[in-house]
Student: 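A single structure is presented below for examination.
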Amino acid sequence: MPLAPDPTADLASYAHPERLVTTAWLAENIDTAGLAIVESNEDILLYDTGHIPGAIKVDWHTELNDPVVRDYVDGEAFAALMSRKGISRDDTIVLYGDKSNWWAAYALWVFTLFGHQDVRLLDGGRDAWIAQDRGLTRDIATRGTTDYPVVERNDSEIRAYKDEILPHLGKPLIDVRSPEEYTGERTHMPAYPEEGALRGGHIPTAKSIPWARAANDNGTFKSHDELRDLYVTQQGFDPGAEVITYCRIGERSSHTWFVMKYLLGFDSVKNYDGSWTEWGSAVRVPIQTGDTPGEAP
Amino acid sequence: MPEHPGNLPPTLAAIREEFLELDVPDRLQLLLEYSDSLPEVPEGTLDPEHWERVEECQSPVFIAVETRDAQVHILATAPAESPTTRGFASILVHGLHGLSAQEILDTPPDFPLQLGLQNAVSMLRLRGMSGMLWRIKRQVQEALAR
């Protein structure tokens, strides 16, 4: 059975407060039946150095990706993964991770492709838990196994493919990478190695709104009013419009996808996971360099 | 994984065997053990300008090469929040410890790809380790030229 939402007043103004939990709520509910705590990090060993007691690890690289096709696992593999991890279809999943929850948001987005009903993020992620001295353990939790049903992935609602992008140009498109990646100066994040795409720049018409603008310095999400001011008032996005977000491989844009879909309640938000590693190397698609969005071709 | 380990010094060859005889999840645990055992470098051991940032790594990793009595000593620092990178640095610190300059220069550049971690760790990270190795070699080369 899903757990009741975190009633913390600070969360109440978000469009879907039930998608977020605070560290205090998690600490209180840590032993509640029906809760699965899942850590997903960029650094795949970080969980093993210490994690929230009871949390299990899901590795985006080896467990959510198909080993052969550049795609996510299929319904059967997902069911096998969840069964192996001891997660039931009606469990409440709380995801958290490093890097302001990039990979946790990415895992949440993938879990949502399979329609897992109740999947939430820990506001502030791993860093918030540690900053409050709530304690980590190296003990690997054993949840036993479950019989998670095979549910086919539904990409149509929240995932955009490359072929959908060209006809979308002119509608809201958000590039959440760093300004250096957006202009084309770099094909990778500052301080990260250069790799991933043949050309630098952005998809024509995409607005640059780096993901971090939705986060406070401590990694928690900005308030509803601040987010609304940024995306709706300043950038002029209509909550009823169809929005697509992208970054380099789709993990940072999952963060923004989460913000727009669940914190602001936009009707239609898709994440283009092919992102710049696909678009920046694709044949016969236009790119735009420099700091202006550019025109639809 | 490469069939031919190349000209691996015995220390690195032993580390390679240590990894390859495990299954993949245990290889990650071994990498964690290396991460835990990266020797601390006490503050003030080296002047700040001796540290070289490994730009190929996603996290702030610094290496330094010291040559004493014809032996090369590798120092490295990497943050606890980046255990994978720390593990790679630690493998090189332990594996290259006490080797001669020539032995280090002869180390095959694809050593990071010989540990059987390709399916467990992203290529980006393995490239980070390759970056550490070539920077170490370049520093050794520079020390020889002096």
Side-chain angles (χ1 to χ4, degrees), chain A residues 39-51 56-68 70 84-85 96-103 106 125-131 136 138-140 178 186-197 219 248-252 276-277, chain B residues 1 19 22-38 40 51-63 78-91 112-113 115-135:
Chain A
E39 177 162 337
S40 199
N41 296 318
E42 180 180 56
D43 191 308
I44 54 150
L45 279 184
L46 194 52
Y47 167 90
D48 303 272
T49 68
H51 50 264
I56 52 160
K57 164 166 102 169
V58 167
D59 178 6
W60 62 276
H61 179 59
T62 58
E63 294 182 319
L64 298 180
N65 287 308
D66 184 279
V68 179
R70 181 176 170 187
R84 201 166 65 239
K85 301 281 177 186
Y96 74 99
D98 62 355
K99 306 265 178 186
S100 304
N101 276 334
W102 286 357
W103 303 98
Y106 187 55
R126 188 182 158 90
D127 286 348
W129 185 270
I130 293 173
L136 300 177
R138 279 195 174 199
D139 295 339
I140 306 290
S178 60
R186 297 184 58 96
T187 57
H188 210 303
M189 290 170 259
Y192 276 57
E194 292 279 353
E195 63 93 58
R248 188 181 70 89
I249 55 171
E251 92 292 15
R252 285 172 287 175
W276 195 253
T277 52
Chain B
M1 114 194 19
F19 273 94
L22 299 171
D23 59 17
V24 171
D26 286 337
R27 285 177 199 170
L28 285 179
Q29 286 309 306
L30 181 58
L31 187 59
L32 181 63
E33 285 172 29
Y34 273 102
S35 172
D36 286 342
S37 67
L38 176 67
E40 286 296 320
W51 289 107
E52 175 173 345
R53 168 96 197 239
V54 182
E55 302 285 351
E56 293 78 10
C57 285
Q58 302 171 33
S59 32
V61 179
F62 294 86
I63 52 152
E81 306 78 61
S82 306
T84 307
T85 310
R86 264 181 81 87
F88 287 147
S90 176
I91 288 171
L113 301 179
L115 300 173
L117 289 168
Q118 283 90 325
N119 292 330
V121 176
S122 73
M123 279 310 285
L124 200 57
R125 289 189 177 275
L126 286 169
R127 241 172 273 160
M129 189 186 190
S130 301
M132 288 180 216
L133 182 58
W134 81 255
R135 283 171 190 276

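Chain identifiers are assigned alphabetically (A, B, ...) following the order of the sequence lines, protein sequences preceding nucleic acid strands; residue numbering begins at 1 within each chain. Basis for what follows: all heavy atoms, side chains included, without hydrogens, waters or symmetry-related copies.
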Student: Go through the atoms of N41(A) and report whether side chain, backbone, both or neither lie under 4.5 Å from a heavy atom of chain B.
Tutor: neither

Student: Select one option (side chain, backbone, both, neither) describing which atoms of R125(B) are under 4.5 Å from chain A's heavy atoms.
Tutor: side chain

Student: Just verifying a value: how many Å separate L46(A) CG and T84(B) OG1, rounded to the nearest 0.5 Å?
Tutor: 8.0 Å

Student: May I have the step-by-step check of side chain to side chain contact (heavy atoms under 4.5 Å, CB included) for K99(A) and E81(B), ending in yes or no?
Tutor: CA-CA 10 Å; K99(A) 306 265 178 186; E81(B) 306 78 61; over 6 Å; no

Student: Can you tell me if CG on N119(B) sees more than 12 non-hydrogen neighbours from other groups inside 6.0 Å?
Tutor: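 At most 12 heavy atoms, drawn from other residues, nucleotides or ligands, come within 6.0 Å of this atom.
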
Student: What closest approach, in Å, do V121(B) and I44(A) show between heavy atoms, and which atom pair accounts for it?
Tutor: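 What the structure gives for the nearest pair is CG2-CD1, 4.0 Å.
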
Student: I'd like to know if R138(A) pairs up with D36(B) as an ion pair, taking the criterion as any Lys NZ or Arg NE/NH1/NH2 lying under 4.0 Å from an Asp or Glu carboxylate oxygen.
Tutor: yes

Student: Please report the closest heavy-atom contact between L32(B) and L45(A), naming both atoms and the distance.
Tutor: N-CD1, 3.8 Å

Student: Can you sort out the partners of D48(A) under salt bridge (Lys or Arg N to Asp or Glu O under 4.0 Å), two or more places apart, ordered by chain and number?
Tutor: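 Only K57(A) meet the salt bridge (Lys or Arg N to Asp or Glu O under 4.0 Å) criterion with D48(A).
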
